[in-house]
Structure formats: C-alpha cells, structure tokens
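Structure first, commentary second.
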Amino acid sequence: MTNTDRLALDALHFDSTALHQALLDWYAAHGRDLPWRHTRDPYAILVSEVMLQQTQVERVVGKYLTFLAAFPTFAMLAAASPEEVIRAWAPLGYNQRAIRLRRIAQTIVEDRGGQVPTTIADLLTLPGVGRYTAGAVACFAHGQAVAMVDINIQRVLTRILIGDFSTEASVYQTPARALMLAEAALPAIPSAAYAWNQALMDLGATICNARQPHCERCPVAAYCATYAQLASQALFPSGQAWQQLARVAEASAPYHARPRIPFKGSTRYGRGRILAALRAVTPGTPLSLRAIGPTVKDDFTDADLDWLRDLAQSLVRDGLAEWASASRADRPMLDEYLRLPKS
DNA sequence: ATCCGGGCGA
DNA sequence: TCGCCGGGAT
C-alpha cells in the first residue's frame, strides 16, 4: 500500500455511504436487465460468467439462453459429447472455454455430488475459473460479499478512488492491488455486494467507458476523483475534452504497442476456420486436411499441408478436435482426417 | 483495420 | 511475466 492508496481508501471511508447509495440507486433504476440476473442457480451463473470472459454482454445474452436450453443442468452438460458442446458454443470463440465448462460439469457431477464449490479457493480449482469468475460465482450464485475485478471494475474504481488521470492505466494495473481496492470498496452491508458488483460493471459498460466517459450522466461524478481533477482544470471530462486529454497522456507516456499481425492468416484465425469447417458438416463426419485447407487459406496448396497439420494438432491437443481413425480404403492416411471430438 | 477484455502455461 | 486463445461490431 502506497500513501496514495491510503489516501484513496481514507477518502472512500469518509463518504463511502453516499457513494454506495448513489451507485446502488442508479443501478436499481438504470441497471441492465440481463437474463443471468434473474437466477441464482450456480450452474446458470457459471455458464454466464464463463461466456462473459473476454466477450461483450450483448454477444452473450442470446447464446446464454440457447445454451441453457440445450444443456439445462450440470448433468446434461456432463453427458454431452465435446462435439455437441463445441457446436453449441459457436460463435462465441475461445472454444477451450466450452471444453473446460464441460470438464467442470463432469467434475461437479462425478466428484462433488452435484454441488458447486462455495469458497473462492475451491472454485479456483475448476478448469477455466480464475479469480474473477470465482468471485462472480461466489457473489452472484452464493450471495457472498466478495470482490471481483474485471477490466470495467478496475477502470471504474481507479477513476473514482485514485483519480490520477495521467496514470490511470498504470496505478492499479497489478491484479493484486486492484483486488485490494475492490475489497476495500465493498459496501458495509454484505447483502449489497451483489448489486454493488453488478452496478460497477454496468457503470463501466454504459457510462464510464474507457475512451469516452459520459460524466454528464454519471451518478457518482460527485464522488469521483478523476471528475474532480478534470473539473478543477476547467475541462469538463466528457466528449472531446476527454479525448484530447487521452491523447496528451498517451503522448507523454507512450505505451508500447506491439506490432499487430493481421487477423487473417493468424493462428487464431486458422484455428477458428478449421472448427468452422468441422461444424459445417454432419456431426461425426471427418474431413480431410485437403478439404479443410481452402476454407482456411486462400490458394491453399499441398505446400501448406504441414502448416495446416500443425494447426489441427494444436486443436487436438486442446481437446477441440480429434484425428479420425478410419479404416476405409479411400482414407489411406489415417491422420489426415479430422473431426470434432466424440468423447 | 481497430476495439473489446480472463485464464492458462511456458 | 508474457504470449496465446476468436469472433462480431464499427
């Protein structure tokens, strides 16, 4: 804890009631109506939180509903084949999440008597569950007053409580420090933690945007250190003024942007295209690498087979595909046929 | 072409 | 600690 941290937490302690009340009131009136906020079923909450990893809310809503319709319980998901789950996951991406979710279901059913872990430490033992997801399940399913930090919560709390705009991205960049801040910021009343955490994420998604915050509509501007800082400079922190400041901050502390490889042609792109090809055929049908190739790379030739095979093997390693063990005469090279995993 | 934004394994 | 893991919207 630095002195800055202490000051921020002291300041929070001073008028935290007003801050909490303002944000909770706003959430009650303007919070988003999301399907996973109507349930406390640990299975449904877990599905939603895994889907929400690296994926925007709008893209999750529909898939959350259809996935739950297809696999309503841990038992149903555990009994499904990887192929079925991978198909049901599209088009969310980061497909290992689907495989890990199925493995979680099998663990819950086979080893844990159908019960989802309740402590964060125990939740963290589940594959694909890190500190954010563990906290979300503990809070949103089990009603615990625990903190969690996603990128929205980190940004919102840093802006409100720390407020040094020029170092916004760096001051609380380490996960441990951000989590300490989030824990210190929890409401005094344990039962308010659910709404508080949801409210922080809503505020970050709809008002306190990364690039262009709408402070003129923010329910907690009066308690926001960043707002006070910018207002004191007579720069109303919205719209162009904010963007101007962002450019200045970036110029003074240039961040090291890595040279970006074009998405098309990347490993991620290729893996996604292979899975798309495998999903496009009748379940259980193997596809040859030569058949898949042209859907992955323009002007695919046999010279690209080694590259494609390595890509396919990476999917096999991740449990997202398997080599078909066909014995038919028209499949002379067994390991050249790929399909979605049967088990 | 850029933006979005957790978990894992080397 | 860093690089990898996908898609759709804009």
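All values below come from the heavy atoms of this structure, side chains included, with hydrogens, waters and symmetry mates left out. Residue numbering restarts at 1 for every chain, and letters A, B, ... go by the order of the sequence lines.
- We find that CG of Leu311(A) is positioned 13 Å from C1' of dC4(C), with the value rounded to whole Å.
- Within 4.0 Å (heavy atoms only), Leu92(A) reaches at least one base atom of the nucleic acid.
- Here dG6(C) sits opposite no nucleotide as a Watson-Crick or G-U wobble pair (both hydrogen-bonding atom distances under 3.5 Å).
- For the pair Ile99(A) CD1 and dG6(B) C1', the interatomic distance rounds to 18 Å; values are reported in whole Å.
- Between Asn152(A) and the phosphate of dG5(B), there is a side-chain N or O to OP1/OP2 separation shorter than 4.0 Å.
- Rounded to whole Å, the P atom of dG8(C) lies 23 Å from the corresponding atom of dG7(B).
- Annotation: Tyr337(A) is not in aromatic contact with Trp323(A) [ring centroid separation under 6.0 Å not met].
- Note on Asp150(A) versus Arg155(A): no salt bridge recorded, every NZ/NE/NH1/NH2 to OD/OE distance being 4.0 Å or above.
- Here dG5(B) sits opposite no nucleotide as a Watson-Crick or G-U wobble pair (both hydrogen-bonding atom distances under 3.5 Å).
- Residue Gln56(A) is in base contact, counting any heavy-atom pair closer than 4.0 Å across all strands shown.
- Here Arg211(A) reaches the OP1 or OP2 of dC4(B): one of its side-chain N or O atoms lies under 4.0 Å away.
- Rounding to whole angstrom units, CD of residue Gln212(A) and P of dC4(B) are separated by 12 Å.
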| Going through the distances and angles, do Asp33(A) and His38(A) end up as a side chain to side chain donor-acceptor pair (under 3.5 Å)? | CA-CA 9 Å; Asp33(A) 182 20; His38(A) 294 289; 2.5 Å; yes
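- Of the listed nucleotides (dC5(C), dG7(C), dG6(B)), dC5(C) has the atom at the smallest distance from the side chain of Arg268(A).
- The heavy-atom pair separating Pro117(A) from His142(A) by the smallest distance is O-NE2, 3.0 Å.
- Contact annotation: Arg131(A) side-chain N/O to dG6(B) OP1/OP2 distance is not under 4.0 Å.
- Contact annotation for Val50(A): no contact, since no heavy-atom pair falls under 4.0 Å across all strands.
- Following rounding to the nearest Å, Asp150(A) (CG) and dG6(B) (P) show an atom-to-atom distance of 5 Å.
- Taking atom CD on Gln53(A) and atom C1' on dG6(B), their separation rounds to 5 Å, with Å as the unit.
- Here Arg97(A) lies out of heavy-atom contact (under 4.0 Å) with every strand.
- Under the 4.5 Å side-chain criterion, counting only non-hydrogen atoms from C-beta, Leu46(A) is in contact with Thr133(A).
- Contact check for Ser266(A) versus Arg271(A): no side-chain heavy atoms found under the 4.5 Å cut-off.
- If you check every strand for non-hydrogen atoms under 4.0 Å, Tyr132(A) touches sugar and phosphate atoms only.
- Residue contacts shown for Asp318(A) are absent, as no nucleic acid heavy atom lies under 4.0 Å away.
- At the phosphate of dG5(B), neither OP1 nor OP2 sits under 4.0 Å from any side-chain N or O atom of Thr55(A).
- Between the CZ atom of Arg155(A) and the P atom of dC4(B) there is a distance of 8 Å, rounded to whole Å.
- One interatomic measurement links the two molecules: CZ of Arg103(A) to P of dC8(B), which rounds to 9 Å at whole-angstrom precision.
- The separation between Tyr94(A) atom OH and dC4(B) atom P is 13 Å, rounded to whole Å.
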